[in-house]
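What follows is a short report on a single structure.
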Amino acid sequence: MPRAASCSCSRHERTARPGRYGAAKPGETFVVSAASRVTGALAGQIAKQHGCRVVGITGSPEKGAWLRELGVDAAVDRTTGDLGEALREVRPDGIDVYFDNVGGAVLDAALGNMALFGRVAVCGC
């Protein structure tokens, strides 16, 4: 039997496609949690290729520095205080697309900073 459409992408890359999940558009702000892990890093890089302004949420300054080397516009360390306020500082106009990898308090902080008509893509189990 012939196979339907096939993709040579990895499982992580298929999951991380922001054009597919969240419909990220050029010029929009794309925020991704667990941005230094495989799926988050791929999602951020793909969003950057789509012309988005990318903000990665990480758990340490070292991970944030690595993300900036990858080309993200800003990195926010979730462990250094009020995450909601930190997101407002880097993107006062709100989040257009949030790619969630973790849920919990990080998701709550992102939802509190969504722009009007913002979209959320939820990844994970």
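Below, each value reflects all heavy atoms present in this structure, side chains not excepted, and no hydrogens, waters or symmetry copies. This chain uses plain numbering: 1 for the first residue, then up along the sequence. No experiment lies behind these values; they were computed from the predicted model shown.
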Under the salt bridge (Lys or Arg N to Asp or Glu O under 4.0 Å) test, residues paired with R88 that sit two or more places apart:
E85
Return the minimal non-hydrogen interatomic distance between [X] and [Y], and the atom names on each side.
X: F30; Y: A24; answer: CD1-CB, 4.0 Å
X: K25; Y: E28; answer: N-OE1, 2.9 Å
X: G56; Y: L67; answer: CA-CD1, 4.2 Å
X: G84; Y: N113; answer: O-ND2, 3.3 Å
X: T79; Y: D77; answer: OG1-OD1, 2.7 Å
X: V54; Y: G44; answer: CG2-O, 3.5 Å

If you look only at pairs with a residue in residues 44-73, which of them pass as a salt bridge (charged side-chain N to carboxylate O under 4.0 Å, His left out), with sequence neighbours excluded?
K48-D73
What's the separation between atom CG in D93 and atom CG in L116, rounded to the nearest 0.5 Å?
12.0 Å
Return the set of residues passing side-chain hydrogen bond (donor to acceptor under 3.5 Å, both in side chains) with T29 (not counting sequence neighbours), or none when no residue passes.
R91
Partner residues of R78 under the side-chain hydrogen bond (donor to acceptor under 3.5 Å, both in side chains) criterion, sequence neighbours left out:
none
Would you check if the side chain of D100 reaches a backbone N or O of A121 as a donor-acceptor pair within less than 3.5 Å?
no
N101 (side chain) donor-acceptor with S33 (main chain) under 3.5 angstrom:
yes
Could you list the donor-acceptor pairs under 3.5 angstrom formed between side-chain atoms of residues 102-111 and any protein atom two or more places apart in sequence or on another chain?
none

Does a side-chain heavy-atom distance below 4.5 Å link [X] with [Y]?
X: F99; Y: T39; value: yes
X: V72; Y: W66; value: no
X: V76; Y: T58; value: no

Are Y98 and L87 close enough, and set up right, to give a side-chain contact (heavy atoms from CB on, under 4.5 Å), and what steps lead you there?
CA-CA 12 Å; Y98 175 59; L87 288 169; over 6 Å; no
